[in-house]
Number of protein chains: 2
Amino acid sequence: MSTRRATIADVAREAGVSPSTASVVFSGKTPVSDATRRRVLDAASALGYTGPDPRAASLRRGRSGIVGVVFEEHLGTAFLDPVKTLMMDGLADGVAPIGAGLLLLRDHEPVEALDSGSPARAVPTLTTAPLDAAVLIGCSGHLRESLETVIARGIPVVVIEGDAGDGVPRIDLDNREATRQAASHLRTLGHTEVAVVTLPARGGWERGWILDDTAITIDVTRDRLAGALDVFPEARAFAAAGSFIDEGLAAGRVILADPVHRPTAVIAQSDLLAAGVIRAVEEAGLRVPEDVSVTGFDGIVVDGLAPYELTTLVQPATDKGRAAGQAVATMLEGADAASIRFTCAFREGNTTASPPDRD
Amino acid sequence: MSTRRATIADVAREAGVSPSTASVVFSGKTPVSDATRRRVLDAASALGYTGPDPRAASLRRGRSGIVGVVFEEHLGTAFLDPVKTLMMDGLADGVAPIGAGLLLLRDHEPVEALDSGSPARAVPTLTTAPLDAAVLIGCSGHLRESLETVIARGIPVVVIEGDAGDGVPRIDLDNREATRQAASHLRTLGHTEVAVVTLPARGGWERGWILDDTAITIDVTRDRLAGALDVFPEARAFAAAGSFIDEGLAAGRVILADPVHRPTAVIAQSDLLAAGVIRAVEEAGLRVPEDVSVTGFDGIVVDGLAPYELTTLVQPATDKGRAAGQAVATMLEGADAASIRFTCAFREGNTTASPPDRD
DNA sequence: TTGTACGCGTTATCAG
DNA sequence: CTGATAACGCGTACAA
């Protein structure tokens with residue numbers, strides 16, 4: 001049949017009922033007699049009608065059943081991070097009760113060249129996607145911009161790990177306090193020479209030392225660093241370009257390079273970074289934790305790190321995601337959602353010990 | 001302002017132009033004089049109008065700009081698999097030119113209990129999401145069902161690694177041929193006692209031996225196994241419950257348990273499984289590759305596997321995703337998309353060697 | 001270049 | 001339990 005798809009009106013006509021009755025059969029919003037239902041269903045299958053067009057339904061209802069999840073990175077990259085992965089998991093759980101799907105979005109679309117001869121076309125994003133709500137996974141300066149876009153559209157929004165301002169529910173961690181715990185642990189062990197390997201200082205950051213005048217626009221980085229400095233005000237900090245083992249390795253090499261300033265402990269802002277630092281320590285012919293103690297952050301399973309068991313802060317990543325999902329669900333039902341700050345659990349592994357005796 | 005949001009009609013009225021003119025200003029489909037444009041834009045910002053409602057626009061256009069990606073697993077789990085992660089990456093790339101967003105969907109919604117007192121509500125899925133197209137990441141029997149749903153809706157669909165039948169474009173690998181290569185490599189080295197650690201045999205599979213009468217409904221598993229059996233018809237196969245290091249470890253333990261039947265080589269159907277098998281070998285007090293050779297599949301970076309470098313088949317995971325995305329784009333433009341079979345590259349690492357001398 | 005008219009496919013609402 | 005009516009907010013022929 002080269003004709004257009006059947007609509008609910010066609011089905012109704014075929015079944016000899018009114019469109020509204022047919023609609024009700026599919027939505028189940030109102031009781032329908034069995035006989036009528038059967039007629040409608042039969043007519044539908046006869047016409048190859050598979051149910052209401054979601055586009056029309058969402059226009060009418062004012063709901064699309066879609067929650068946008070905004071990343072600032074290349075989508076693929078986002079899932080390379082175990083913590084984000086777990087968050088997505090929780091998020092999926094959290095929105096399940098309202099039956100929403102998760103739409104992956106990037107906050108600043110890459111400047112795509114004109115491909116395949118097709119004329120320049122607007123790349124849909126936050127502005128043009130049919131979202132019921134949005135979850136911003138926050139960090140960089142783009143967050144601010146995305147936030148405005150979403151708020152302007154009047155869409156409920158939740159921010160994970162970022163400064164939302166206003167009345168925007170925020171899901172985050174006690175980053176500063178948590179790091180302070182790790183640092184205190186190190187001080188208790190007797191460390192005084194400590195270095196910090198941080199997450200990026202801001203979007204597009206290349207790895208390098210954080211100096212007094214370095215602006216840190218990423219909240220997580222700033223807060224965790226503050227926690228470390230609370231205990232070791234003199235600690236030097238080197239910011240990696242991302243949360244990867246290789247970045248930790250690179251940072252570790254730099255930090256350990258100068259024998260004079262060599263720290264006896266390194267506070268890494270993520271487990272992956274910590275794993276890299278451990279490699280750097282080994283590479284330098286030193287031992288963990290005998291010569292250098294290392295702490296991480298996240299409490300993820302770093303595959304293949306054995307025999308080390310990282311001393312780290314275990315963050316409830318899945319819970320964070322779930323909380324965000326629930327907050328979204330709450331807002332979608334018209335209620336106000338509260339911000340939630342989760343707490344990390346300090347977990348002592350075998351990567352921290354007292355510093356070696358000095359001569 | 002407790003009143004409803006402004007519509008394009010309001011903007012037009014405020015600007016003193018017709019609705020269609022205002023529409024054109026936002027869509028850019030037709031030239032508009034600068035003066036008019038300015039008036040419209042000013043009116044829009046005065047009214048807090050942020051652009052056309054995506055729901056209405058998509059009804060009118062017949063396009064939502066959304067491509068569904070259907071997983072059969074818990075969403076979070078999907079991203080724990082590096083290969084899927086890379087595929088998503090490529091997919092995001094592939095659909096970028098048409099500016100589509102990716103909507104994460106599960107094929108069989110978990111049986112959610114009634115939460116939060118809200119009445120039982122239909123959980124939207126494949127049937128109710130406003131999709132322009134769908135990508136099925138295939139395996140289990142659910143695929144069949146999902147496929148029918150999508151086809152009934154008349155939505156373009158592409159299947160990755162699964163049997164699509166009909167005229168559905170399929171993106172997959174030369175799984176059988178690739179595995180055959182690895183197996184041949186082992187035979188050339190002199191191995192005769194070989195075991196296979198496979199991916200799950202079907203959805204919901206618990207780990208266990210694959211017997212003659214075991215039905216394997218997952219294509220990837222079946223094809224890769226066939227490739228191994230082409231070379232070693234007598235090889236025994238143990239199916240893991242998923243592609244994880246731990247599963248490989250568990251499988252390895254079972255396979256190595258019986259000293260009489262102990263193989264000199266293990267063909268694992270994924271790198272993660274292979275990594276687990278290697279651990280099992282070490283755990284048994286044996287060496288890789290001196291006592292037991294191990295091959296993998298995927299060519300991903302298995303974090304922390306050093307000093308081993310897996311002998312494996314490198315699959316172009318990102319390319320697969322990108323191809324799927326492009327196929328979707330093609331179909332959306334009304335053309336037919338072809339199925340594509342990608343080729344894996346054999347990469348020899350240091351986990352395979354000649355078998356030990358037998359007494 | 002701008003305006004008119006209409007319909008995209010549904011579903012709330014309310015009366016019967 | 002069923003039906004008539006009226007939007008939902010927009011894009012696009014077509015005419016002016």
Side-chain angles (χ1 to χ4, degrees), chain A residues 3-40 43-44 47-65 121-122 124 127-132 153-154, chain B residues 3-40 43-44 47-65 121-122 124 127-132 153-154:
Chain A
T3 144
R4 77 182 202 299
R5 298 193 66 69
T7 74
I8 203 171
D10 300 327
V11 173
R13 194 177 320 118
E14 173 86 8
V17 301
S18 79
S20 41
T21 301
S23 172
V24 161
V25 167
F26 288 102
S27 74
K29 291 278 191 184
T30 301
V32 180
S33 77
D34 280 355
T36 308
R37 186 203 320 290
R38 157 137 259 96
R39 293 236 306 288
V40 172
L47 265 44
Y49 179 80
T50 56
D53 178 329
R55 284 178 281 261
S58 77
L59 170 58
R60 184 59 245 229
R61 291 210 236 249
R63 284 284 168 83
S64 63
R121 49 164 88 254
T127 25
T128 64
L131 306 180
D132 287 345
R153 277 184 64 182
Chain B
T3 144
R4 77 181 201 301
R5 299 193 65 69
T7 74
I8 203 171
D10 300 328
V11 173
R13 193 177 321 117
E14 173 86 9
V17 302
S18 82
S20 57
T21 302
S23 172
V24 160
V25 167
F26 287 102
S27 75
K29 290 277 191 186
T30 301
V32 181
S33 75
D34 281 354
T36 309
R37 185 203 319 290
R38 157 137 257 95
R39 293 237 306 289
V40 172
L47 264 44
Y49 179 80
T50 55
D53 179 328
R55 285 178 280 261
S58 77
L59 170 59
R60 188 60 245 234
R61 290 204 165 105
R63 283 284 168 83
S64 63
R121 49 164 86 255
T127 25
T128 64
L131 306 181
D132 287 345
R153 277 183 63 182

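Everything quoted here is computed from the prediction, not taken from an experiment. In the text below, chain A, chain B and the rest are named by the order of the sequence lines, each starting its count at 1.
The closest side-chain heavy-atom distance from A:R37 to A:V40 is not below 4.5 Å. In this structure, B:R55 and A:D132 have side chains that are in contact, with non-hydrogen atoms separated by less than 4.5 Å.
Proximity of B:T7 to the phosphate of D:dG9: no side-chain N or O atom is located under 4.0 Å from OP1 or OP2.
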Inset, instruction - Take A:T7 and A:D53 through the side chain to side chain contact (heavy atoms under 4.5 Å, CB included) test and state the conclusion after the steps. - result: CA-CA 8 Å; A:T7 74; A:D53 178 329; over 6 Å; no
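A:P52 meets the side chain to side chain contact (heavy atoms under 4.5 Å, CB included) test with A:F26, A:Y49; sequence neighbours excluded. Scored by the side chain to side chain contact (heavy atoms under 4.5 Å, CB included) test, B:T21 finds B:V17, B:S18, B:T36 as partners (sequence neighbours excluded). Not counting sequence neighbours, A:R60 has no partner by the salt bridge (charged side-chain N to carboxylate O under 4.0 Å, His left out) test.
Between the B:R39 side chain and the B:A15 main chain, a donor and an acceptor come within less than 3.5 Å of each other.
Residue pairs meeting the salt bridge (charged side-chain N to carboxylate O under 4.0 Å, His left out) criterion with at least one partner in residues 12-33 of chain A, sequence neighbours excluded, are A:D10-A:R13.
In this structure, the CZ atom of B:R55 is 9 Å from the P atom of D:dG9, given to the nearest Å. Going from atom CG of B:D10 over to atom C1' of D:dC10 covers 12 Å, rounded to whole Å. When the C1' atom of D:dG9 is taken as reference, atom CG of B:L47 falls 15 Å away, rounded to whole Å. For the pair A:L59 CG and D:dA6 P, the interatomic distance rounds to 18 Å; values are reported in whole Å. Atom CZ in A:R39 sits roughly 13 Å away from atom C1' in D:dG3 (whole-Å rounding). Going from atom CG of A:D53 over to atom C1' of C:dT11 covers 13 Å, rounded to whole Å.
Taken over five-pair windows at either terminus, the axes of the helix from C:dT1-D:dA16 to C:dG16-D:dC1 are inclined to one another by 20° (rounded to 10 degrees).
In plain terms, the two heavy atoms of A:R153 and A:P130 that are nearest each other are NH2-CA, 4.4 Å.
Nucleic acid contact class of A:T30 (heavy atoms, under 4.0 Å, all strands): base.
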Inset, instruction - Can you check each nucleotide of nucleotides 11-16 of chain D against protein heavy atoms at under 4.0 Å and return B for base, S for sugar-phosphate only, - for none, in 5' to 3' order? - result: BB----
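Closest approach to the A:V32 side chain among D:dC8, C:dG3, D:dT2 is made by D:dT2 (side chain taken as heavy atoms from C-beta onward).
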